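What follows is a short report on a single structure.
Lettering of chains follows the sequences in order, A, B, ..., and the numbering in each one begins at 1. Note that the structure is predicted; figures quoted are calculated from it, not measured.
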Amino acid sequence: MNTADQYLKAVYLAQRIEDGPASTGTLAEMLEVSPASVNEMIGKLESRGLLEHEKYKGARLTDEGLERAHDALQTYCIIERFLANVLEVEEFREEARALESVIDDTVAERLDTIIDRRGECPDCFDPETDCCAYLEPEAGGAG
Amino acid sequence: MSLGQRVSNDHQLARLLQIGVVLEEVVESRAAHHIESLPDEERAAVDDDVQELLAEATEESAEHRRRLEALIDELDAETVSYEDINALVDARYGPPEDTDGVLYDQLCNEETAYKFYDDLIEAVEASDAEFALDRDRLLETLESIREEEKAGVQDVTELMERRA
């Protein structure tokens, strides 16, 4: 997943958490980067028509940005589910975050052929717990 | 959330190689399922070229898997068994409707594997981490597998063109 998609996913989740525009501070915290980096990327994404940014309020996805963010979140959910249920990784959230930049969408699609995911994905993704609300990790994961 | 596309330690490398093994197992399992899944009249009509291609794909994936497993052993990690992945493919296998569907699925498998190794090589090259296994051998193995996946994509594409 490329950097732009990781940002769009973060904006989408921050909008849900804050029930409004995603603030620079929240995005910087979620992405573990500086506010200056966030502002720079927000500018790029805005110029590509993927989000709108209002000073002192934050960023809001456009319809096109929302579609891309949905796809990115689905890919992320596939990675989490694959780690949790196939490789039985206990720390699947941390590992998914570390791996998402290396896992391409097409690879995630193939992994999707062996995991069980709901039709409403990614609406069932819970931003507070950082994973699908229906994900049940394997007991006693090998790690 | 890491924004850098690089492999930073042994654990992450082992995890990515495990994913490579699973992708190979999926290729292997789906190729084996394809012929069995076709309706009788389609199966009878499948020509030798397609049968041969799927048999070779199965064999090649098993070989790639063994080479990846040898690397993973050196990182002191385990892999998911073929039987486990085969059972997951079994549970969720949506058979292609006809021979063209079989070939298209096979093409997706080969292309995905190629893309995976290509990204992994790039991520290893971008990293200055010291791994528990020899970096040159790691890259040589991954590059050689990537070339075979590339050849696999070409083989399926040519066969599809001949049948068109």
Verdict with supporting geometry, A/Val89 and B/Arg15, side-chain contact (heavy atoms from CB on, under 4.5 Å)
CA-CA 10 Å; A/Val89 176; B/Arg15 196 63 85 208; 3.3 Å; yes
Kindly determine whether B/Lys115 and A/Asp105 satisfy salt bridge (Lys or Arg N to Asp or Glu O under 4.0 Å), including the steps that lead there.
CA-CA 10 Å; B/Lys115 176 72 179 147; A/Asp105 299 355; over 6 Å; no
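Linking ILVMFWY side-chain heavy atoms closer than 4.5 Å, directly or via other members, places B/Tyr82 and B/Leu71 in two distinct hydrophobic clusters. Both B/Leu139 and B/Leu133 belong to a single network of hydrophobic side chains, linked directly or stepwise wherever heavy atoms of I, L, V, M, F, W or Y lie under 4.5 Å apart. Clustering ILVMFWY residues whenever any of their side-chain heavy atoms sit less than 4.5 angstrom apart, transitively, puts A/Tyr134 in a cluster other than the one holding A/Leu73. The cluster map of Ile, Leu, Val, Met, Phe, Trp and Tyr, joined by side-chain heavy atoms under 4.5 Å apart, puts B/Tyr114 and B/Leu107 in different clusters. Hydrophobic clustering, with ILVMFWY side chains joined whenever heavy atoms are under 4.5 angstrom apart, groups A/Leu61 together with A/Leu31.
Side chain of B/Gln12 to backbone of A/Ala98: a donor-acceptor contact under 3.5 angstrom is found.
More than 12 heavy atoms of other residues, nucleotides or ligands sit less than 6.0 Å from atom CD of B/Gln51. Heavy-atom neighbours of A/Glu29 CD from other residues, nucleotides or ligands within 6.0 Å: at or below the threshold of 12. The environment of A/Glu67 atom CD is sparse: at most 12 non-hydrogen atoms of other residues, nucleotides or ligands sit within 6.0 angstrom.
Taken to the nearest 0.5 Å, the CG atom of A/Asp104 stands 11.5 Å off from the CD atom of B/Glu111. Atom-to-atom distance recorded for A/Ile103:CD1 and B/Phe116:CZ is 5.5 Å, nearest 0.5 angstrom. Rounding to the nearest 0.5 angstrom, the gap separating the CD1 atom in A/Ile114 from the CZ atom in B/Arg92 is 9.0 Å. To the nearest 0.5 Å, atom CZ of residue A/Arg110 and atom CG of residue B/Asp105 are 4.5 Å apart.
Among B/Val80, B/Ile85, B/Asn109, the residue making the largest number of heavy-atom pairs under 4.5 Å with chain A is B/Asn109. The greatest number of non-hydrogen atom pairs below 4.5 Å with chain B, out of A/Leu83, A/Leu111, A/Ile115, is found for A/Ile115. Looking only at heavy-atom pairs under 4.5 Å with chain A, the residue among B/Val7, B/Val26, B/Asp84, B/Val22 that has the most is B/Val22. The candidate with the highest count of non-hydrogen atom pairs below 4.5 Å against chain A, out of B/Thr79, B/Ile19, B/Leu120, B/Val27, is B/Ile19.
Here the side chains of A/Leu87 and B/Gln18 are in contact, with some heavy-atom distance below 4.5 Å.
Of the two parts of B/Asp90, neither the backbone nor the side chain holds a non-hydrogen atom closer than 4.5 Å to a non-hydrogen atom of chain A. No part of B/Asn86 comes within reach of chain A, as not one of its non-hydrogen atoms sits under 4.5 angstrom from that chain. When heavy atoms are compared at a cutoff of 4.5 Å, A/Asp116 approaches chain B by way of both its backbone and its side chain.
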